[in-house]
Amino acid sequence: MNDPQLVEKFPLIKNMQHTEEVIWINPNLINTEEALKNLTVTSEMVQDASDRLDRFASYLQIAFPETAKTNGIIESPLVAIPTMSSAIKDLFQTDFDGELLLKCDNALPISGSIKARGGIYEVLKIAETLAIREGLLTQTDDYAILANEELKQFFSGYSIAVGSTGNLGLSIGIMSAKLGFCVTVHMSSDAKQWKKDMLRAKGVEVIEYAADYSKAVEQGRKQAENDPTCFFIDDENSIDLFVGYAVAASRLKKQLEQLGKKVDENNPLYVYLPCGVGGGPGGVAFGLKLLFGDHVQCFFAEPTHSPCMLLGLMTGLHEKIAVSDIGLDNKTDADGLAVGRPSGFVGKTLEQLINGSYTISDETMYRLLALLVDTEKIQLEPSALAGMTGPIHLAKQGANLQNATHIVWATGGSMVPDNEKVAYYEKGRRYLNF
């Protein structure tokens with residue numbers, strides 16, 4: 001689809017074709033209250049997800065003892081990164097107002113990425129639905145009984161399939177295998193080898209494809225189509241995944257209150273979310289808009305070679321356009337963001353809610369990765385740095401950031417093997433010194 005009329009209508013595409021770092025501010029944004037009226041996803045659905053996660057807390061403490069310190073709640077810290085903030089301003093020779101915070105989903109228990117939110121939630125919902133249907137569980141039971149051998153045996157009669165570039169596969173695979181499900185993760189060529197190795201070590205079947213993310217999803221869908229005992233977790237279209245991610249917002253609100261941070265007309269909140277197919281960042285953004293309305297501004301951050309959500313939102317074509325249609329190769333070291341075609345469900349849900357989207361090169365991500373280690377001793381995987389240039393883009397656009405709180409969503413990193421961490425850091429230092 002090399003459509004000259006499309007480029008004429010959306011001249012930013014020309015810059016994207018040259019893999020330049022760009023920012024797109026959403027012209028379709030409307031008042032949050034009005035936008036929410038038009039949607040099928042509701043605040044009640046998000047509350048239902050939050051309640052379900054609470055019911056599973058006692059089970060999670062047994063299955064994953066590392067969650068005991070948070071009483072079985074899968075949550076991550078929110079920390080200030082003042083030294084990094086100063087370093088970014090120096091690196092880009094651009095000042096911005098407001099405090100920079102890091103939402104450390106890289107440190108989430110169980111699978112060490114944002115996918116531990118929606119991915120684990122959907123698996124738990126499937127398990128609860130099956131167990132209740134068979135009379136093995138009621139909502140008033142102590143869900144710790146799910147750790148019993150009888151329940152594991154029951155779940156082994158069912159299977160779960162998912163297509164993934166890496167982190168979603170990890171969270172679905174680890175959680176499903178722990179409960180006793182047979183689980184298959186269909187992984188694209190972008191997925192890191194260590195993620196495949198880790199899944200196999202936990203008893204997960206991993207099927208690899210030479211093609212990209214879309215092929216892996218297609219094969220996962222096919223596996224489940226003719227098998228009533230197989231559940232396909234659809235990163236592109238799942239409402240359960242979406243609301244699982246959205247639960248993060250109410251927890252973030254409490255963390256902001258604990259830090260004494262106001263969010264109102266005079267104290268805006270800016271949140272920068274690394275984006276692949278869109279489910280994780282879309283769910284978080286939706287949850288934040290439910291709670292903070294127009295006082296929060298949410299931006300997606302994507303690799304220059306894989307800006308699928310920006311392309312879908314800007315053109316209004318959503319899943320009907322892919323980055324290959326404008327000549328991009330969808331090749332990036334930010335494996336979790338290596339997606340060529342966006343979720344139509346997420347794009348259409350957020351087209352009047354999301355404030356904008358911007359792109360970042362692999363080189364910039366690596367520079368920021370090394371800089372974060374040097375300044376704050378925090379190690380992320382490359383894709384998790386995508387949010388870090390958000391305040392720079394907005395400052396260059398002339399945005400009024402007075403009294404702002406900026407949150408960069410760190411989407412993954414703690415599960416990365418040490419030798420990979422060293423390689424990431426050394427590559428980032430080379431780019432910094434270049």
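These values consider heavy atoms only, across backbone and side chains, with no hydrogens, waters or symmetry-generated copies. Everything quoted here is computed from the prediction, not taken from an experiment.
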Asp234 vs Val162, side-chain contact (heavy atoms from CB on, under 4.5 Å): CA-CA, chis, key distance, verdict:
CA-CA 7 Å; Asp234 188 346; Val162 66; over 6 Å; no

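- Taking CZ of Arg55 as the start and CD of Gln139 as the end, the distance is 4.0 Å to the nearest 0.5 Å.
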Decide yes or no on ring pair (Phe, Tyr, Trp, His ring centres under 6.0 Å) for Tyr121 and Phe56, but give the supporting numbers first.
CA-CA 10 Å; Tyr121 169 72; Phe56 271 95; 8.6 Å; no

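- A salt bridge links Glu381 with Lys195: the distance from a Lys NZ or Arg NE/NH1/NH2 to an Asp or Glu carboxylate oxygen falls below 4.0 Å.
- The list of salt bridge (charged side-chain N to carboxylate O under 4.0 Å, His left out) pairs with a residue in residues 6-25, not counting sequence neighbours, is empty.
- Between Lys103 and Gln255, the side chains place a donor N or O and an acceptor N or O closer than 3.5 Å (distance only, hydrogens not considered).
- Surrounding CD of Glu225 are more than 12 heavy atoms belonging to other residues, nucleotides or ligands, all under 6.0 Å away.
- Checked for salt-bridge contact, Lys253 and Glu257 meet the test: a charged N lies under 4.0 Å from a carboxylate O.
- Nearest heavy atom pair, residue Ala116 against residue Ser111, reads CB-OG, 3.3 Å.
- Between the CG atom of Asn28 and the CD1 atom of Ile354 there is a distance of 12.5 Å, given to the nearest 0.5 Å.
- Side chain of Gln223 to backbone of Gly220: no donor-acceptor contact under 3.5 angstrom is found.
- Of the candidates Leu368, Leu102, Val408, Met84 forms a side-chain contact (heavy atoms from CB on, under 4.5 Å) with just one, namely Leu368.
- With contacts defined as side-chain heavy-atom distances shorter than 4.5 Å, the pair Ile174/Met415 qualifies.
- Thr70 and Thr67 share no side-chain donor-acceptor pair at under 3.5 Å.
- With Thr315 contributing its side chain and Leu311 its backbone, the two residues share a donor-acceptor pair below 3.5 Å.
- The structure places CG of Asn26 at 9.5 Å from OG of Ser357, a figure rounded to the nearest 0.5 Å.
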Verdict with reasoning, Leu179 to Ile126, per side-chain contact (heavy atoms from CB on, under 4.5 Å)
CA-CA 11 Å; Leu179 278 159; Ile126 291 168; over 6 Å; no

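- Residues Glu75 and Arg251 are paired through a salt bridge, judged by an N-O separation under 4.0 Å between the basic side chain and the carboxylate.
- Using a 4.5 Å heavy-atom threshold, the side chains of His305 and Thr19 count as touching.
- In terms of modelled atom types and a separation under 3.5 Å, the side chain of Ser58 and the main chain of Ala144 share a donor-acceptor contact.
- With hydrogens and angles left out, the side-chain atoms of Asn106 and Ser414 include no donor and acceptor closer than 3.5 Å.
- A side-chain N or O of Thr138 and one of Thr140 form a donor-acceptor pair less than 3.5 Å apart.
- Judged by distance alone, the side chain of Ser176 and the main-chain N or O of Gly173 form no donor-acceptor pair under 3.5 Å.
- To the nearest 0.5 angstrom, Ile120 atom CD1 is 7.5 Å from Leu60 atom CG.
- To the nearest 0.5 Å, atoms CG (Leu146) and CG (Leu124) are separated by 8.5 Å.
- Checked against a 6.0 Å centroid threshold, the rings of Phe286 and Tyr245 do not count as neighbours.
- Salt-bridge check for Glu122 with Arg52: failed, with every basic side-chain N at 4.0 Å or more from each acidic carboxylate O.
- Side chains of Tyr424 and Gln379: a donor-acceptor N/O pair is absent below 3.5 angstrom, by distance only.
- Comment: Arg341 does not engage Glu236 in a salt bridge, judged by the lack of any side-chain N to carboxylate O separation of less than 4.0 angstrom.
- Judged by distance alone, the side chains of His295 and Asp264 never bring a donor and an acceptor atom under 3.5 Å apart.
- Asp105 has no carboxylate O lying under 4.0 Å from a charged side-chain N of Lys115, or vice versa, which leaves the two without a salt bridge.
- Asp374 and Tyr425 form a side-chain donor-acceptor contact under 3.5 Å, judged by distance and modelled atom types alone.
- Between Tyr270 and Tyr272, the angle of the ring planes stays under 30°, which puts this pair in the parallel group of the 30/60° scheme.
- Side chain of Asp97 to main chain of Asn400: no donor-acceptor pair is present (N/O by atom type, distance under 3.5 Å, no hydrogens or angles).
- Asp141 is linked by a salt bridge (Lys or Arg N to Asp or Glu O under 4.0 Å) to nothing, counting only residues two or more places apart in sequence or in another chain.
- In this structure, the ring of Phe96 has its center less than 6.0 angstrom from the ring center of His406.
- When every heavy atom of Gly276 is checked against every heavy atom of Cys308, the shortest pair comes out as O-SG, 3.3 Å.
- Judged purely by atom type and a 3.5 angstrom limit, Ser238 has no side-chain atom pairing as donor or acceptor with the backbone of Asp235.
- The environment of NZ in Lys421 is crowded: more than 12 heavy-atom neighbours from other residues, nucleotides or ligands sit within 6.0 Å.
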Show the numbers, then the answer: is there a side-chain contact (heavy atoms from CB on, under 4.5 Å) between Ile81 and Met388?
CA-CA 11 Å; Ile81 46 171; Met388 205 65 79; 4.1 Å; yes

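- The backbone N or O of Gly293 lies less than 3.5 Å from no partner atom in the side chain of Glu33, so there is not a single donor-acceptor pair.
- There is no side-chain donor-acceptor pair under 3.5 Å between Thr165 and Asp335.
- Taking each heavy atom of Pro307 and Leu328 in turn, the nearest pair found is CD-CD1, 3.6 Å.
- The closest side-chain donor-acceptor pair between His186 and Glu218, if any, does not fall under 3.5 angstrom.
- The existence of a salt bridge linking Lys331 and Asp362 is excluded, since no basic side-chain nitrogen approaches an acidic carboxylate oxygen closer than 4.0 Å.
- The pair Glu34-Lys37 meets the salt-bridge criterion, with a side-chain N (NZ, NE, NH1 or NH2) lying under 4.0 Å from an Asp/Glu carboxylate O.
- The aromatic rings of Phe181 and Tyr158 sit perpendicular to each other, their planes meeting at more than 60°, with 30° as the lower class boundary.
- Side-chain contact annotation: Asn355 with Lys289, donor-acceptor N/O pair under 3.5 Å present.
- For Arg367 (side chain) and Tyr431 (main-chain N/O), a donor-acceptor pair under 3.5 Å exists by modelled atom type.
- At distances below 3.5 Å, at least one donor-acceptor pair connects side-chain atoms of Thr129 with backbone N or O atoms of Lys125.
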